[in-house]
Amino acid sequence: MSHIIVIRSYKPGDEINCKELIKAGVMSSLNSTYFGIVLKELTFQMMILFAAIMFIFFGLPLTVCLLVVPLVICLVYVATYIGFTAKAMEVNEEVSNIPRIYMSNAFSCFWVAEAFEPYIMTHHPKTVHYTVMTEQQFRDSNIDISSQVKRIVGTIALCKSYRLDKGAWLKRLYVHEQYRRKGVASCLINVAVQFAVDQGYSCANIVASEYTEGGRELCLKKGFELQQMYHKPIMGSLVTILMYELSYQIKPGEDDYMPVAYCRSMLNK
């Protein structure tokens with residue numbers, strides 16, 4: 001078995017790789033978000049409004065007024081880029097404090113997906129079949145990895161929710177683009193939700209934007225349900241993106257307890 005991916009807990013030394021991976025994850029949806037905003041009706045209304053103001057109130061030629069179109073497009077990109085850069089800086093600060101935020105108590109945790117590969121890869125990772133396993137499965141397998149190199153290709157985190165009673169948040173779910181569609185994200189979610197079950201959480205929630213459809217669809221297939229939708233500001237309240245909050249119900253209610261065995265069977269779907 002020469003190509004495996006192990007889902008394990010974060011350990012000292014992972015910080016640099018996690019920073020690079022998660023930053024790439026944040027910025028990966030920049031273009032799709034930008035094009036989605038540009039194609040929104042509000043953006044076209046802004047173009048028409050600015051052009052009309054320039055033509056009516058300033059008496060500029062129509063050809064000059066039409067220059068507002070590329071101007072608005074550029075402004076939207078700059079605003080979107082600034083928003084994503086600020087988010088990346090925020091996440092970078094969080095990753096620098098993973099031991100304190102996620103590993104300092106029994107109710108939160110941070111996991112990485114670590115790929116073990118031959119020193120010389122003869123095929124691109126996209127074309128290679130990987131066996132994805134948990135840390136315990138890896139220990140039990142006694143696989144020899146002495147001749148292989150390691151690479152962190154995915155992350156996920158879980159922490160206590162301060163808004164939801166006995167609820168947890170799943171955060172920082174990201175898989176390197178070369179290792180997608182191999183079951184890595186699915187296994188990361190399984191491990192995190194199982195942790196929530198074991199720690200007695202009543203639910204595990206995750207947030208996804210309208211431009212991360214793949215991740216949202218995966219969560220829905222794993223048993224998550226839509227909890228609420230809201231708009232997140234990008235340029236104040238002028239330009240927003242639609243966010244989906246999804247929830248995996250572990251204990252529907254204090255008087256309606258769902259057995260752990262049932263939760264585990266759901267995770268294996």
Side-chain angles (χ1 to χ4, degrees), residues 5 7 10 13-40 74-103 108-115 125-126 151-159 161 163 168-182 184-189 191-192 204-220 224 229-236 238-246:
I5 294 177
I7 311 300
Y10 171 94
D14 293 337
E15 178 184 327
I16 294 177
N17 291 327
C18 287
K19 278 186 176 181
E20 294 176 352
L21 186 65
I22 295 177
K23 180 181 178 181
V26 172
M27 302 303 291
S28 65
S29 57
L30 169 63
N31 289 336
S32 60
T33 302
Y34 163 66
F35 286 116
I37 294 174
V38 166
L39 296 175
K40 284 181 179 292
C74 290
L75 287 175
V76 170
Y77 182 82
V78 170
T80 306
Y81 184 84
I82 290 174
F84 272 77
T85 301
K87 182 63 177 179
M89 293 174 63
E90 176 188 331
V91 171
N92 185 71
E93 181 66 23
E94 178 183 305
V95 175
S96 298
N97 292 283
I98 287 176
R100 178 180 60 83
I101 298 174
Y102 295 107
M103 309 301 291
S108 61
C109 195
F110 193 101
W111 297 268
V112 301
E114 188 170 48
K126 284 186 177 181
R151 180 184 185 186
I152 292 178
V153 299
T155 60
I156 194 170
L158 181 144
C159 64
S161 171
R163 179 172 64 85
W169 280 110
L170 298 183
K171 304 173 66 177
R172 309 306 167 224
L173 173 60
Y174 180 69
V175 176
H176 192 287
E177 60 179 359
Q178 296 180 354
Y179 296 83
R180 293 173 187 170
R181 300 187 181 278
K182 299 181 184 297
V184 180
S186 179
C187 194
L188 283 166
I189 293 173
V191 169
N205 287 18
I206 190 169
V207 173
S209 80
E210 59 182 305
Y211 303 113
T212 55
E213 185 176 355
R216 192 169 70 249
E217 289 300 320
L218 174 62
C219 289
L220 291 173
F224 285 75
M229 300 162 62
Y230 60 92
H231 286 87
K232 180 180 179 180
I234 294 295
M235 296 174 59
L238 190 62
V239 179
T240 63
I241 59 175
L242 184 62
M243 305 297 292
Y244 296 81
E245 182 179 331
L246 308 174

A.B. asks: Cys219 and Ile189: which non-hydrogen atoms are nearest, and at how many Å?
C.D. replies: SG-CD1, 4.0 Å
A.B. asks: Among all residues two or more places apart in sequence or in another chain, which pass the side-chain hydrogen bond (donor to acceptor under 3.5 Å, both in side chains) test with Thr85?
C.D. replies: none
A.B. asks: Work out which heavy atom in Val76 is nearest to a heavy atom in Thr80; give both atom names and the distance.
C.D. replies: O-OG1, 2.7 Å
A.B. asks: Taking all heavy atoms of Ser108 and all of Cys159, pick out the closest pair and write down the distance.
C.D. replies: CB-CA, 3.8 Å
A.B. asks: Kindly write out the residues that satisfy salt bridge (charged side-chain N to carboxylate O under 4.0 Å, His left out) with Glu177, not counting sequence neighbours, or none if the list is empty.
C.D. replies: none
A.B. asks: Please report the shortest heavy-atom distance between Val95 and Lys19, naming the atom on each side.
C.D. replies: CG1-CG, 3.5 Å
A.B. asks: Could you give the side-chain donor-acceptor pairs of residues 21-32 under 3.5 Å, partners two or more places apart or in another chain?
C.D. replies:
residue: Ser28; atom: OG; partner: Gly25; partner atom: O; Å: 2.7
residue: Ser32; atom: OG; partner: Ser29; partner atom: O; Å: 3.1

A.B. asks: Determine the minimum heavy-atom distance between Ile241 and Ile37, stating which atoms define it.
C.D. replies: CG2-CD1, 4.1 Å
A.B. asks: Which heavy atom of Ile156 sits nearest a heavy atom of Ala192, and at what distance?
C.D. replies: CD1-CB, 3.9 Å
A.B. asks: With sequence neighbours excluded, tell me which residues meet side chain to side chain contact (heavy atoms under 4.5 Å, CB included) with Ala168.
C.D. replies: Leu158, Tyr201
A.B. asks: Does anything in residues 87-101 form a salt bridge (charged side-chain N to carboxylate O under 4.0 Å, His left out)? List the pairs, not counting sequence neighbours.
C.D. replies: Lys87-Glu90, Glu94-Lys171, Glu94-Arg172
A.B. asks: With sequence neighbours excluded, tell me which residues meet side-chain hydrogen bond (donor to acceptor under 3.5 Å, both in side chains) with Thr212.
C.D. replies: none
A.B. asks: Taking salt bridge (charged side-chain N to carboxylate O under 4.0 Å, His left out) as the test, write out the residues that go with Glu245, two or more places apart.
C.D. replies: Arg163
A.B. asks: To the nearest 0.5 Å, what is the distance between CG on Leu218 and CD1 on Ile206?
C.D. replies: 8.5 Å
A.B. asks: Side chains of Cys18 and Val112: does their closest heavy-atom pair fall under 4.5 Å?
C.D. replies: yes
A.B. asks: Would a 4.5 Å heavy-atom cut-off, applied to side chains only, mark Val207 and Tyr230 as touching?
C.D. replies: yes
A.B. asks: Listed by chain and number, what are the ring pair (Phe, Tyr, Trp, His ring centres under 6.0 Å) partners of Tyr211, not counting sequence neighbours?
C.D. replies: none
A.B. asks: Could you pull out all residues at least two apart from Phe224 that satisfy ring pair (Phe, Tyr, Trp, His ring centres under 6.0 Å)?
C.D. replies: Tyr248
A.B. asks: Do Glu15 and Ile98 have side chains that get closer than 4.5 Å, going by heavy atoms?
C.D. replies: no
A.B. asks: Only counting residues at least two apart or in another chain, list the ones meeting side-chain hydrogen bond (donor to acceptor under 3.5 Å, both in side chains) with Asp14.
C.D. replies: Arg8
A.B. asks: Inspect the surroundings of CD1 in Ile16 and state if more than 12 heavy atoms from other residues, nucleotides or ligands are less than 6.0 Å away.
C.D. replies: no
A.B. asks: Using the side-chain hydrogen bond (donor to acceptor under 3.5 Å, both in side chains) criterion, which residues pair with Arg151? Sequence neighbours excluded.
C.D. replies: His176, Tyr179
A.B. asks: Nearest 0.5 angstrom please: Ile152 CD1 to Asn17 CG, how far?
C.D. replies: 4.5 Å
A.B. asks: Could you measure the distance from the CG atom of Leu242 to the NE2 atom of His231? Nearest 0.5 Å is fine.
C.D. replies: 4.5 Å
A.B. asks: Spell out, as yes or no, whether a donor-acceptor pair under 3.5 Å connects the side chain of Lys182 to the backbone of Pro125.
C.D. replies: yes
A.B. asks: Can you sort out the partners of Glu213 under salt bridge (charged side-chain N to carboxylate O under 4.0 Å, His left out), two or more places apart, ordered by chain and number?
C.D. replies: none
